[in-house]
Amino acid sequence: MCGIVGIVARDHVNQALYDAMTVLQHRGQDAAGIVTCDGGLLHLRKDNGLVRDVFQAHHMRGLLGNIGIGHVRYPTAGCSSSAEAQPFYVNSPYGITLAHNGNLINAEQLKRELFRADLRHINTDSDSEVLLNILAHELLKLGKLTIDENDIFTAVSQVHRRCLGAYAAVAMLIGYGIVAFRDPFGIRPLAFGMRETPMGVEYMVASESVALDALDFHLIRDLEPGEAIFIDTAGRFFARQCATHSTHSPCIFEFVYLARPDSILDKVSVYKARLRMGERLADKILREWPDHDIDVVIPIPDTSRTAALPLAYKLGVKYREGFIKNRYIGRTFIMPWQHQRRRSVKQKLNAIGLEFERKNVLLVDDSIVRGTTSKEIIQMAREAGARKVYFASAAPPVRYQNVYGIDMPSARELVAHGRTEEEVAATLGADRLFYQDLHDLIEAARKGNPEIRQFDASCFTGEYVTGHVTPAYLAQLEQQRCDEGKSHELRSDDEVLELYNAK
């Protein structure tokens, strides 16, 4: 999960890119980067940290030009490193820089192809650098000194042919403009919009529509799966379907947790989808426990508030804010180290004792991934005086790895993996646990856009929409992503597969 943005404007874009990235900061807090183009010169600034920390006034003054792209990152594997901050750049052909959200499941194979057949060297462990070099090589193969939109779309078509997995990307070609494209399954979100200015039309692409709103761009639509758009330096707009076959399968976890509630993804209001999640979860609780003794519903801020309010209303019980959040602590889910997540919980939240004392409390969260945070919060509720602590998740049990750009770790780190719901409740210390049914979750999102026939729900089902996800690949990911793997050297493929099969 990362955030990307690209702007073709009539005046300098440095401040607009900065503002858009602060709006997308929830999608990545590990690193940030901006690259702009002024004539034939690129101006790049990227580093580890939040947007506000990476870009100081003297950096902003150096980011000249009316065209540029930006990126906020969180790491899906390995340690945080400024070497993997985006955007990435290659000088041949033309000079291309790219920012990417997602994950290529055949990145290792592509690395070998790039080195052996394409004679290109990959300098980091990032699959985004692989994606950039694939695009660059396909443009180079055209053998043209100058190119047009048809050549760019031809190159993107070849990217779709070679790359497997999830990718929403924005790239800037020096002297030509910005190209944005989305994988043939449309797993990761990407939208574009425009605004009229006295100097002419300006275009913007971004991971979420909320970034467009913040800069007064009118949302036109989301990119279709497999589609590419190109805005040249003169502000002319082109679009084309570049995939031979496409199947719209957006990530359901975007609606559960990742996206901001004020975003519109694939014509679905995230806010309204979460309201429906709460209503459907309340229906399940009433079916299974019609004579419940819940006194109060308390959300775990912030993402779960939208679902918790209609849930409380349907249950006919009070809704109260029982936890106060420290706004200066990052999202624990996207922290790369387990000890960071555990340490930050009590720094992040403080309980209001009056809302818990001698009450049967239903805590509501958007999801339960590792369970570390949930366990700590349940204990905090008990220490605040709760008589009983029930727990409800607006999402089904997360039992499988995500391979499309979300850092859901090794399966053995997921609290629901290999456990029944009763066992998860016992592990967390809850008196009772309720999970959303997958069918209800899908319908809560689909109601906003009935044209979506399927979602990527692989973290709940273990079924991967792109195919080609083998046990060996999952084993390799487990070694890279688990907390132990982040501090140990990677084993050989055979050793990793042997460990995987032994579990």
Side-chain angles (χ1 to χ4, degrees), residues 1-2 4 30-31 33 46 71 73-141 155-171 181 183-185 187-188 336 401-407 410 464 466-482 485-486 488-497 500:
M1 181 186 76
C2 297
I4 62 174
D30 177 67
K46 61 179 181 177
H71 184 268
R73 173 184 185 264
Y74 93 109
T76 55
C79 301
S80 303
S81 170
S82 59
E84 296 192 5
Q86 299 184 39
F88 285 113
Y89 167 76
V90 291
N91 65 351
S92 176
Y94 318 117
I96 307 172
T97 183
L98 176 142
H100 161 228
N101 174 31
N103 183 60
L104 302 183
I105 62 176
N106 65 334
E108 292 303 317
Q109 173 193 334
L110 291 172
K111 280 184 185 180
R112 292 191 291 270
E113 291 177 4
L114 284 166
F115 181 74
R116 294 172 182 170
D118 302 346
L119 304 179
R120 286 180 171 269
H121 174 71
I122 303 301
N123 199 48
T124 70
D125 292 326
S126 174
D127 61 327
S128 303
E129 189 185 11
V130 173
L131 182 64
L132 169 59
N133 276 271
I134 293 291
L135 175 63
H137 183 73
E138 295 302 331
L139 286 167
L140 185 64
K141 279 169 57 179
V156 173
S157 297
Q158 291 300 103
V159 169
H160 290 329
R161 184 184 62 82
R162 297 180 67 177
C163 296
L164 296 174
Y167 49 93
V170 57
F181 52 95
D183 71 76
F185 293 87
I187 298 171
R188 300 264 71 84
Q401 294 159 275
N402 183 283
V403 303
Y404 300 128
I406 306 174
D407 191 22
S410 65
Y464 299 96
T466 62
H468 304 282
V469 179
T470 64
Y473 178 74
L474 291 174
Q476 187 76 8
L477 269 191
E478 178 164 345
Q479 182 63 22
Q480 290 175 325
R481 291 188 179 184
C482 71
K486 289 173 181 174
H488 290 81
E489 188 172 333
L490 196 63
R491 295 181 174 91
S492 69
D493 290 350
D494 290 340
E495 288 176 313
V496 173
L497 185 55
Y500 181 88

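- Within the 4.5 Å cutoff, side-chain heavy atoms of Ile406 are placed close to those of Arg188.
- For His71 (side chain) and Ala85 (main-chain N/O), no donor-acceptor pair under 3.5 Å exists by modelled atom type.
- Here the closest heavy-atom approach between residue Cys163 and residue Leu110 is recorded as SG-CD1, 3.9 Å.
- Between Leu139 and Pro93, the closest heavy-atom pair is CB-CG, 4.0 Å.
- Looking at His100 and Asp127, their side chains come closer than 4.5 Å, going by heavy atoms from C-beta outward.
- In terms of modelled atom types and a separation under 3.5 Å, the side chain of Asp183 and the main chain of Tyr167 share a donor-acceptor contact.
- The OH atom of Tyr464 sits 10.5 Å away from atom OG1 of Thr470, with the distance rounded to the nearest 0.5 Å.
- Arg162 places a side-chain heavy atom less than 4.5 Å from the side chain of His137.
- Ala169 and Leu131 get closest at one heavy-atom pair: CB-CD2, 3.9 Å.
- Of all heavy-atom pairs spanning Ala171 and Ile96, the tightest one is CB-CG2, 4.3 Å.
- Taking CZ of Phe185 as the reference point, atom NE2 of His160 lies at 11.5 Å (rounded to 0.5 Å).
- The only option from Asn101, Thr466, Asn103 that meets the side-chain hydrogen bond (donor to acceptor under 3.5 Å, both in side chains) definition with Tyr404 turns out to be Thr466.
- Looking only at distances, no side-chain donor or acceptor of Asp30 sits under 3.5 Å from a matching main-chain atom of Arg73.
- When atom types are taken as modelled, the side chain of Glu129 and the backbone of Asn123 share a donor-acceptor pair closer than 3.5 angstrom.
- With values rounded to the nearest 0.5 angstrom, Ile122 atom CD1 is found 13.0 Å from Arg112 atom CZ.
- Side-chain atoms of Lys46 come within 3.5 Å of backbone atoms of Pro87 as a donor-acceptor pair (strictly under, hydrogens ignored).
- In this structure, the side chain of Glu84 does not engage the main chain of Thr124 through any donor-acceptor pair within 3.5 Å.
- The CG atom of Leu135 sits 6.5 Å away from the CG atom of Leu98 when rounded to the nearest 0.5 Å.
- Distance CZ/Arg120 to CG/Leu132: 8.0 Å, rounded to 0.5 Å.
- For the pair Val130 and Gln109, the minimum side-chain heavy-atom distance is 4.5 Å or more.
- To the nearest 0.5 Å, atom CG of residue Asn106 and atom CD of residue Glu113 are 7.5 Å apart.
- In this structure, the side chain of Gln401 engages the main chain of Leu474 through a donor-acceptor pair within 3.5 Å.
- You'll find the side chain of Ile105 reaches within 4.5 Å of the side chain of His468, heavy atoms only.
- What you find for Tyr89 and Gly95 is that their closest heavy atoms are CE1-CA, 4.0 Å.
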